[in-house]
Amino acid sequence: MYSTAYRTGRVGALRATDVGTQVTLGGWVHRSRNLGGLVFIDLRDIDGIVQVAFGTDWAAASVLAMAAAVGVESVVLVEGTVVARSDSTKNPEMGTGDIEVHATAMRVLGPAVTPAIPVARGKGEKMAAEELRLRHRHLDLRRPELQANLVLRHRLMQTTRAYLSERGYLELETPVLTKPTPEGARDYLVPSRVHPGEFYALPQSPQIYKQLFMVSGFDRYFQIARCFRDEDLRADRQPEFTQIDIEASFVSQDDILALAEGLIVSLWREAGFDIPSVFPRMTYAAAMERYGCDRPDLRYGLEIVDYTDAFREVAFNISQAAIDAGGRVRGIIVPGGAVWSRKQVDEVEALAKDAGAGGLLRLRRLDGKLDGPLAKFVDGVGAFDALPDGALMLFVAGSDRVSNPALDRARQECARRLAIVRDDDRQFVIVTDFPMFERDPATGALAAVHHPFTAALAADVAAHPDHPERWRAQAYDVVLNGTELGGGSIRTHDPVTQSHMFDLLGIGDREEQERRFGFLLEALRSGAPPHGGVAFGFDRIAMLLSGAPSLRDVIAFPKTTAARALFEQAPTRVPAADLKDLHIRSDES
RNA sequence: GGGGGCGUAGCUCAGCUUGGUUAGAGCACUGGACUGUCACUCCAGAGGCCGCGGGUUCGAGCCCCGUCGCUCCCGCCA
């Protein structure tokens, strides 16, 4: 299959059944061992590594000399015979370890200077620093680990295409030069040469385009789409990233979620993991109540419990003040946490404080007795009798706005300290019924939780027409182990409702709405079907399935955390004449 | 925008706490020896703007200030 003018095939698939065959192999010199009258070269291609032996019995002295002299990472062509290794010289750690190639001829097709960073590493040897790996990406990408990641990435892409195409979804492309969006993340802007002072933007997602496809009647669309956001980076965030973008017409939320589940199952199966075909559902409200977070990690319990009623009987200033102010007292029970030292609990508290809480109220039961600053206040309150021996309770008193993030952090930290999270556990959950809007605490302005095109639950709009902050959205997230894999919504397909949404979000007057989103509103007025969709972070999925610690390990040419490309040196200054053509003046240089 | 970590040979790292001869090690590299290795082994050698700039000091890899780069986190990411 891999036979070409130069070679008979790849090296990695050679096995004992190939013994006796004459082969010509091309690849990189991974490592070599020169024993004098016998030279070994480990020859590497994307499929694997094979040992090539050069011995005086079968190779000319000149061939032996060439093998001894060639440097690592050079590209060579070797011709020889596949030979079985004797039992004592087999290498069980190599896929090709039962055989070797006795080379009779060799050519150096691409001699290599000494590599700036090592490709072959011995056991326990560290990789080069990431900065160097990015600067010499062509070498780093030779590492079998990174090659395996990109091979898996390819297979996930093909699985996605097959899964969606089989279900009638059309892979349609949308522009990369598009219109700046006032909402959301900062846009990457592209100046127009022919229209002085005007700019395109790179898409943050193909959101509006895919809705236009629905309006046009392409009722099942998908795209493996590149998206761009000019925001600060993280290990799991790149300025350009890839989404599996899906939209369909005449669908309900359940239609989309069933499709999403099926896609995730097939992707995980492609990577070798069998997972349940239906994921548990949880409302946003339940997730916040039980986990303090809209993407809960369900690999462990430590659920948040409301103790407000119990604390009504407790004459303790902090809890009383919080309850009187309309807040609640909620907490988590940490089994075995009673033995933690004061310092250890302080460290958990520091994280909760960091998340905005004033502090953690502590109570523990040790040797049957309640203990801690709260103990004498809660003595005799029945609700605390249930606290099991050896357990620690951590409470946050205050508004949910404060206690949710604080308890979320405390819960995660306690789980980590208890070492109850299994890395090989996979707990999927679909979170539904997100709120439509959230209020900016500073300005009181409404902002879309998902995006401005999301449809509200009709029942909520009918019940509370004047309280949009009480509306729930037909929006959903797919979550795995506390990480968001993707999310989506049913969209607004009525132009009047959509315009009303813009009003609520404070997006200008009608005239300005027409200027910014007129093409969408016009489309919706032209006969739009009900539609909705979902988008998954493809890089993140590839990262999870390959076990890579960073997005940079599943993207061939990633940017640094300063959004710089170290290999090709982008971004870069450009000649002044180029700027002039674009009607741009820079205040640098 | 803010906070933490790192920056010494091609690579990975010691040395910095407590400033003081000629800055070390392993791997890689170069030369030599070696016919069953697979991180081959052995002998020898070469290799340094201690990120950059400034300051303190008789003297700075080491202390101070600034700056650049990489990285992790907060803000940000509809």
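So you know, we letter chains A, B, ... as the sequences are listed, proteins then strands, and number each from 1. As the structure is a prediction and not an experimental result, all values here were calculated from the model.
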If we take the P atom in both B:rU67 and B:rG1, what is their distance in whole Å? 12 Å
Residue A:N91, side-chain atoms from C-beta onward, closest of B:rC38, B:rC72, B:rG75: B:rC38
Evaluate the ring planes of A:F453 and A:F502, with Trp represented by its six-membered ring, and classify them as parallel (under 30°), tilted (30 to 60°) or perpendicular (over 60°). perpendicular
Between A:R137, A:R143, A:R133, which is the residue that forms a salt bridge (Lys or Arg N to Asp or Glu O under 4.0 Å) with A:D553? A:R133
When you compare B:rG19 with B:rC34, how far apart are their C1' atoms, in angstrom units rounded to a whole number? 48 Å
In whole Å, measure the gap between the P atoms of B:rC13 and B:rU18 for me. 25 Å
Determine the Euclidean distance between corresponding P atoms of B:rC11 and B:rG48; express it in Å to zero decimal places. 13 Å
Interatomic distance at P, B:rG51 relative to B:rC6, whole Å: 13 Å
Output the residues of residues 108-118 of chain A in contact with RNA chain B, where contact means a heavy atom of the residue under 4.0 Å from an atom of the strand; sort by number or write none. A:T114, A:A116, A:P118
Using ring centroids (six-membered ring only for Trp), state whether A:F567 and A:H138 fall under 6.0 Å. yes
When only distance counts, do a donor and an acceptor, one from the side chain of A:Q51 and one from the base of B:rU37, lie under 3.5 Å apart? yes
A:R85 (side chain) and B:rC38 (base): donor-acceptor pair under 3.5 Å: yes
Mark yes or no for a side-chain to base donor-acceptor pair under 3.5 Å between A:R234 and B:rG75, with no hydrogen or angle criteria applied. yes
Hey, does the side-chain of A:R237 have a donor or acceptor N/O within less than 3.5 Å of a partner on the base of B:rC77? yes
B:rC74 and B:rC63, which share atom name P, separated by this distance in whole Å: 30 Å
